[in-house]
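Okay, structure first, notes after.
FYI, the numbering just counts along the sequence from 1. Hydrogens, waters and symmetry mates play no part in the numbers below; they use all other heavy atoms, side chains included.
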Amino acid sequence: MMDKSKFAVSTYNKIADKYTQQYFDDLTDLPYIDKFLDKLPSKAKVLDVGCGPGTFSKYLFSKGFVVEGVDLSAEMVKIAQQKVPWVNFHLMDMRRLSFENEYFDGLLVAYSLIHIPTEEIPATINGFYSILKSGGMIMIIAQKGLPDKIVDEPLKAGEKIFINFFTKERLTNFLTQAGFEVTYQEEVPMKDADSLSDMVIYTVGKKM
């Protein structure tokens, strides 16, 4: 049976350079990410889950947080290490995070949970819950749309990518079932012409 997440990663390895050129300096999400960061203590330990080329890791570090990043794309991790050398990046599967329990104050999961199949979402979010401190915060940025599809990759003709999009209600259900309380959620139109969705969902939750 195909590992759909690894299928998505194989596509990211092929588009890593173009993705970086297009999105590394994109500031669109930062006002929403600030709503999450405002809930964290100063110098909090934050994990950038599915960090890609290090875009958000760089921003988190600039705000004074202690940052680590993980991604399953070797090409993305290599670029992140080059562009943000002062942050520790790890080649790691978000479905099997090898950190101690209650290690992080915050988790930023930006445009990455959308590449985990629905049947693996509960265990993945339970893993997030485990590595967060009590009262810790999580932010998930995901696009709105249908779940579990293989679609054309807009950044490279002929390539496909696996996506699992959400609704606000569906994402909230996954989080609350894992023990999080959703403290903020907003749906905003996407301005990216290459996006596979026309809406993005920003969700912040607290570990209860």
Side-chain angles (χ1 to χ4, degrees), residues 5 8-9 12-13 15-94 97 99 103-116 124-125 127-128 131-132 136-143 155 163 166 171 175 183-186 188 190-192 194-197 199-206:
S5 292
V9 165
Y12 273 113
N13 281 331
I15 65 169
D17 287 332
K18 186 167 185 181
Y19 184 97
T20 302
Q21 290 167 13
Q22 187 149 328
Y23 295 114
F24 189 78
D25 296 314
D26 187 342
L27 307 178
T28 306
D29 299 302
L30 300 188
Y32 302 96
I33 291 175
D34 284 341
K35 295 176 186 292
F36 158 68
L37 299 181
D38 287 345
K39 304 292 184 185
L40 299 177
S42 62
K43 299 182 181 177
K45 285 193 287 191
V46 184
L47 182 65
D48 186 358
V49 182
C51 61
T55 304
F56 300 128
S57 292
K58 180 182 177 183
Y59 183 67
L60 295 170
F61 185 88
S62 76
K63 291 289 188 176
F65 296 103
V66 179
V67 187
E68 295 190 55
V70 298
D71 205 288
L72 194 53
S73 164
E75 290 301 313
M76 288 292 195
V77 170
K78 184 168 73 175
I79 291 169
Q81 289 168 336
Q82 291 168 350
K83 294 187 82 67
V84 198
W86 47 87
V87 167
N88 286 326
F89 294 102
H90 313 275
L91 186 64
M92 195 182 297
D93 192 329
M94 76 172 75
L97 294 169
F99 296 99
Y103 186 76
F104 291 99
D105 300 288
L107 302 180
L108 176 62
V109 189
Y111 303 105
S112 54
L113 193 65
I114 58 166
H115 299 301
I116 304 297
T124 300
I125 294 180
F128 296 163
I131 64 171
L132 264 181
M137 306 298 294
I138 185 170
M139 180 176 210
I140 296 176
I141 304 177
Q143 287 105 307
L155 295 186
I163 54 166
F166 291 89
L171 187 52
L175 285 167
T183 61
Y184 164 81
Q185 194 169 53
E186 187 170 354
V188 178
M190 292 283 287
K191 298 174 182 176
D192 175 15
D194 287 318
S195 175
L196 294 165
S197 170
M199 300 292 287
V200 59
I201 302 168
Y202 298 97
T203 304
V204 176
K206 182 177 184 178

Stepwise, does the side chain to side chain contact (heavy atoms under 4.5 Å, CB included) test hold for Leu196 with Gln143? CA-CA 8 Å; Leu196 294 165; Gln143 287 105 307; 5.6 Å; no

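- Partners of Ala80 according to the side chain to side chain contact (heavy atoms under 4.5 Å, CB included) rule, which considers only residues two or more places apart in sequence or in another chain, are Phe89.
- Scanning all heavy atoms of the two residues, the minimum distance from Gly106 to Leu40 falls at CA-CD2, 4.0 Å.
- A distance of 4.0 Å separates CZ in Phe104 from CZ in Phe99, rounded to the nearest 0.5 Å.
- Sequence neighbours left out, the pairs with a member in residues 25-38 that pass side chain to side chain donor-acceptor pair (under 3.5 Å) are Asp26-Thr28, Asp29-Tyr111, Asp29-Tyr202, Asp34-Tyr59.
- Asn13 pairs by the side chain to side chain donor-acceptor pair (under 3.5 Å) definition with Ser73, not counting sequence neighbours.
- For Gln22, the side chain to side chain donor-acceptor pair (under 3.5 Å) partners at least two apart in sequence or on another chain are Asp194.
- Under the ring-ring contact (aromatic ring centres under 6.0 Å, His included) criterion, Tyr23 pairs with Tyr19, not counting sequence neighbours.
- Between Leu72 and Val9 the shortest heavy-atom distance is O-CG1, 3.2 Å.
- In this structure, Glu186 and Val188 approach most closely via the heavy-atom pair CG-CG2, 3.9 Å.
- In this structure, the salt bridge (Lys or Arg N to Asp or Glu O under 4.0 Å) partners of Glu75, at least two apart in sequence or on a different chain, are Lys78.
- Residues Ile33 and Met139 have side chains in contact (heavy-atom distance under 4.5 Å, counting atoms from C-beta outward).
- Contact annotation: the side chain of Phe65 approaches that of Leu37 to within less than 4.5 Å [non-hydrogen atoms, C-beta and beyond].
- At least one side-chain heavy atom of Leu113 sits under 4.5 Å from a side-chain heavy atom of Leu171.
- Partners of Ser5 under the side chain to side chain contact (heavy atoms under 4.5 Å, CB included) rule, at least two apart in sequence or in another chain, are Asp3, Arg95, Ile116, Pro117.
- Considering only residues two or more places apart in sequence or on other chains, Tyr12 meets the side chain to side chain donor-acceptor pair (under 3.5 Å) condition with His115.
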What side-chain donor-acceptor pairs closer than 3.5 Å can you find for residues 43-53, not counting sequence neighbours?
| residue | atom | partner | partner atom | Å |
| --- | --- | --- | --- | --- |
| Lys45 | NZ | Tyr103 | O | 3.4 |
| Asp48 | OD2 | Ser57 | N | 3.1 |
| Asp48 | OD2 | Ser57 | OG | 2.7 |

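- Annotation: side chain of Lys58 is not in contact with side chain of Lys83 (no heavy-atom distance under 4.5 Å).
- Residues satisfying the side chain to side chain donor-acceptor pair (under 3.5 Å) criterion with Asp105, sequence neighbours excluded, are Lys133.
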Side chain to side chain contact (heavy atoms under 4.5 Å, CB included) evaluation trace for Leu30 with Phe56: CA-CA 8 Å; Leu30 300 188; Phe56 300 128; 4.2 Å; yes

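- What you find for Gly54 and Val84 is that their closest heavy atoms are O-CG2, 3.7 Å.
- A 4.5 Å side-chain heavy-atom check between Thr183 and Met137 finds at least one atom pair inside the cut-off.
- Note: Met199 CE to Met190 CE = 10.0 Å, rounded to the nearest 0.5 Å.
- Here the CD1-CD distance, from Ile140 to Gln185, works out to 9.5 Å after rounding to the nearest 0.5 Å.
- Phe166 is linked by a ring-ring contact (aromatic ring centres under 6.0 Å, His included) to nothing, counting only residues two or more places apart in sequence or in another chain.
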